[in-house]
Amino acid sequence: MGGVGTGGGRGGVGAGGRAAVAGRFGNPFIGGGGSLARVQTVPVGRGVGVDGRARRPRLPDRRPRHRGPPRRRGRDGRLKRRVPAGERGAWAGASPPQVAEEVADAVDVDATEYLARVETSGPYVNFFVDDAYLADTLDAARDAEYGRLPRKGESVVVEHTSANPTGPVHVGRARNPIVGDAVANALEYAGHDVDRHYYVNDAGRQMAIFTWAYETFDESELPEPAREKDDYDLVRYYRKGNEVLEEGDEETVETAEAEIASILRGLEAGDGATYERVGEVIDTVLAGMEASLARLPAEFDEFVRETRFIRDGSCDDVAERLKTLEESALEEGAWQVDLSEYGYEKSLVFLRSDGTSLYTTRDLAHHEWKFDNYDRAVTVLGEDHKLQAGQLQAALDRLGNDTDRLEDLFYSYVNLPEGKMSTRAGTAVNLDDLLDEAVARARGEVERRLDDRIRDDDLTEADVDRIARQVGVGAVRYDIVSKQPSKAITFEWDRALDFEAQSAPYVQYVHARCCGIVSEAGEEGLAPDAAVDSATLSTPAERDLIQAIARFPAVIEEAAADLEPHRVATYTREFAETFNAFYRECPVLTADDEATREARLALVAAARHTVANALDVLGIEAPESM
RNA sequence: GGGCGUGUGGCCAAGCGGAUACGGCGAGCGGUUCCUAACCGCUAGAUCGCGGGUUCGAAUCCCGUCACGCCCGCCA
C-alpha cells in the first residue's frame, strides 16, 4: 500500500514534490511541501515507518489506493482523513486499533503547518486541518487559473480519434474525441506540454477503395446526401464502392480490385500522381470530419499522415531493422517477427510478400517519430485495437525503444440497441445529428423555463442560442466523459440527452449561480477580493465547500496521472452537490453582517473558478447565465 | 478453442483492500413572498453475477464458474 500523500503514479510530482504532496490533501498551491507531506492516508502496517519523527513515509512502489475525498466530515466541518490501520508488516501481531494509536501518538501536530489535531477511531486515524489550511485554499482559489498545476517540463503527445477518413464522424466513435480531448486537457492542467494529434490512415486499402469509387461512379447513381457537407457527399461513393465490391459481378470486381491494387502500389512507391488522387478524397472528407469534431469542440495541433512515414523512408528503416532480429523470418515470401516472448502466439507480419508495408509497420515508424519528439505518448484507442496495440508495443520494445513512455487508453464502442454502428452500412447515428438534436432539445428547455424565470436579466435571443448550445453540447460530452471508458455504452437518445441532475447542466447551473451572485454583488459595489478572515466561515456548509475547492488540484493530478478524466466529472457532480448545500443554507448578499457577506462572496468566487476550470478540463463550457 | 474487458437496487452508475456502498433516473411524499426550482429535503428499493479462497477486514485481491462485449488477417 502506498503513501497517499506522495506522488505515486507515473505522473510524478511537481517542483519540490509540492503539487502531488499537498495535492493528495487538497491544494498544491499551498503548503509548500512541508507539513502536509507528512500527512498520509495509509493503512499503517505496510510501508510506512513510524520512526522517531514519524512523518516521512517511504515512497510507494504502487499507486496509492486511497485517493478519494473523505466521505465523512467532522461535525465541526474540518477535514477528516481516514487512515485505516492494519495489514501485515511493521506491526504484525498488533491489532489495527493499537497501530492507529501508535500512529496518532507519533504525529506531532505542532510541527505541521496545517494539522489541527489527530484522532483515532477504532482502526482509523483521522487528521483534522486547521483554519490556516482553509484560509490558504480560499486564497489560492481567488486565481482564475486555480487548478492549473506547476509546469512539469514534460512533453506529451495525445493521439486520439484518428478515425479513417471514410465518412462523417458517428456516435459509435464519439467517445474517442471526447475522452481524448479531456485527457489532453487534464494533462495540460497538470502541467504537461501537450500536443493533440490525429493520425490519418491515408495509405490503406480503405482509402484506395474510396479513391477508386470516387473516380468511378457518377453522382447520378447515388442517393441524395444526408447533409450538405463534403464528408456526407463523399461517403456515398465509399458506400457505393463497397456495395459493388461485395455484390457486383465478377468482372466488375476484378477490374475494380486491379485499380485498387494499383493505387496501393502507387502509394507504396511514393508516386506523386497517386498521392494527389488519394489526397483529394482524404482532404475533402477530413475537412468535413474536422468541422464536426470542432463542434464538441475537439481540435488538433496536427494531422499526422501515415504516408509521411512511407515517404520519409522511416517505414523502410523499421522494416530493415526488424529483418535483422533473430525472431524475424521470411515465410512464404512475407517477413514476420515472432513476438511469443511477449505472449503473442501469432507472428506479426511486417512486410507482405509483394514487399509492401502493413499498417502496423507504418505505425511503428510513427511511434518512433513520437518518441523522437516527445517525452511521452498517449494513444486513445477503441478496444478492438488492443491486440494490435500490444503487438506494436512489443515490437517497439524489441527495436530498442523505451515503451514505458507509451500509454494506451482503451474505450468500448458506443452501440445502438440494435447493434453496431457502421459507416459503410450507413447504420450510424452521426455526431452532427446528435449535437443538433441536443441543442434543439436544450433550446426547448431554455424556452420552457423562460416564463417562470425569477431572475430578471432579460435573456436576449443570442443568449438563448448560446445557452442552448452550451447546455446541449455539454450534456452530450458529460454523458460520455463521466463514465469509465472500459464500460460499454448503449446509445439511447433520451438517456444521452437528459438535462436533469447528474448531467452537464446540473454542474453548469452551479457556475451560472456563482456568476449571478458575483455580478449582483458587483452592482452593489461589492468585489470578491476583500481580505477575508476564514474564521468567519464557520458553518459546516461553508467548510465543506472550502474543502471541496481544496480537493480540485488533487483531482487534476490524479486524473492526469491515471488518464482518467471521468474522475473530474465525478468531482464536478460532488462539487455541485456541495455548492448547492451551501447555496441553500448560506445567503451571501443578504447575509447578516458585512464580514460574512465578504467572506461568502470570496468563497463563491473561489467556487466559480473551481467549477469553471473543472468543466474546462472536461471540454464543457461554463455559462455565465442560463 | 485462446486472450482481453465488463457484470453494483426496476434502469443508469461512482467506488476498485478499510468505518453505515457516492449519486442519478424511475416510484411515493414535501419545499419557491428569500442571491436563478436546469434546485433542495424526506421515504421505499442492493445477499455489489454465482461458488470457493487470501485477509483483522473483500464490491475491491486470487482461483473457479456463468452471462455479455471485443479481439485472435500478407485489413485498418
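Lettering follows sequence order; numbering is per chain, from 1.
- One finds no side-chain N or O of A:Lys483 lying less than 4.0 angstrom from the OP1 or OP2 phosphate oxygen of B:C12.
- Summarising the base pairing, B:G41 is matched to B:C29 through a Watson-Crick or G-U wobble pair whose two defining distances lie under 3.5 Å.
- Among the heavy atoms of the strands lying under 4.0 Å from A:Glu577 are primed sugar atoms or P, OP1, OP2 only; no base atom is included.
- For B:U20, there is no paired nucleotide, since no Watson-Crick or G-U wobble pair has both relevant distances below 3.5 Å.
- Aromatic rings from A:Phe582 and A:Phe579 are positioned such that their centres are separated by under 6.0 Å.
- For A:Val471, taking side-chain heavy atoms from C-beta onward, the closest of the listed nucleotides B:A76, B:A38, B:C35 is B:A38.
- B:G23 sits 28 Å from B:C62 when the P atoms are compared, rounded to a whole Å.
- Residue A:Arg573 places a side-chain atom within donor-acceptor reach of the base of B:C22, judged by atom type and a 3.5 Å distance cut-off alone.
- Of the side-chain N and O atoms in A:Arg449, one or more sit less than 4.0 angstrom from OP1 or OP2 of B:A38.
- Nucleic acid contact for A:Cys586: base, since at least one base atom lies under 4.0 Å from a heavy atom of the residue.
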List the steps, then state whether salt bridge (Lys or Arg N to Asp or Glu O under 4.0 Å) holds for A:Glu621 with A:Arg466.
CA-CA 10 Å; A:Glu621 289 192 53; A:Arg466 187 205 84 229; over 6 Å; no

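- Following rounding to the nearest Å, A:Phe579 (CZ) and B:U36 (C1') show an atom-to-atom distance of 11 Å.
- For the pair A:Lys386 NZ and B:G73 C1', the computed distance is 20 Å after rounding to whole Å.
- Of all nucleotides present, only B:G69 satisfies the Watson-Crick or G-U wobble test against B:C4, with each distance under 3.5 Å.
- Side chain A:Thr590 to base B:C34: no donor-acceptor pair is found below 3.5 Å.
- The aromatic rings of A:Phe309 and A:Tyr199 lie tilted to each other, with the angle between the two planes from 30° to 60°.
- Between the side chain of A:Asn580 and the base of B:A37 there is no donor-acceptor pair of N/O atoms closer than 3.5 Å.
- Within 3.5 Å, no donor on the side chain of A:Glu383 pairs with an acceptor on the base of B:G5, nor the reverse.
- A:Leu387 has its CG atom 11 Å from the P atom of B:C71, to the nearest Å.
- The distance from atom CD1 of A:Ile260 to atom CD of A:Gln206, rounded to the nearest 0.5 Å, is 10.0 Å.
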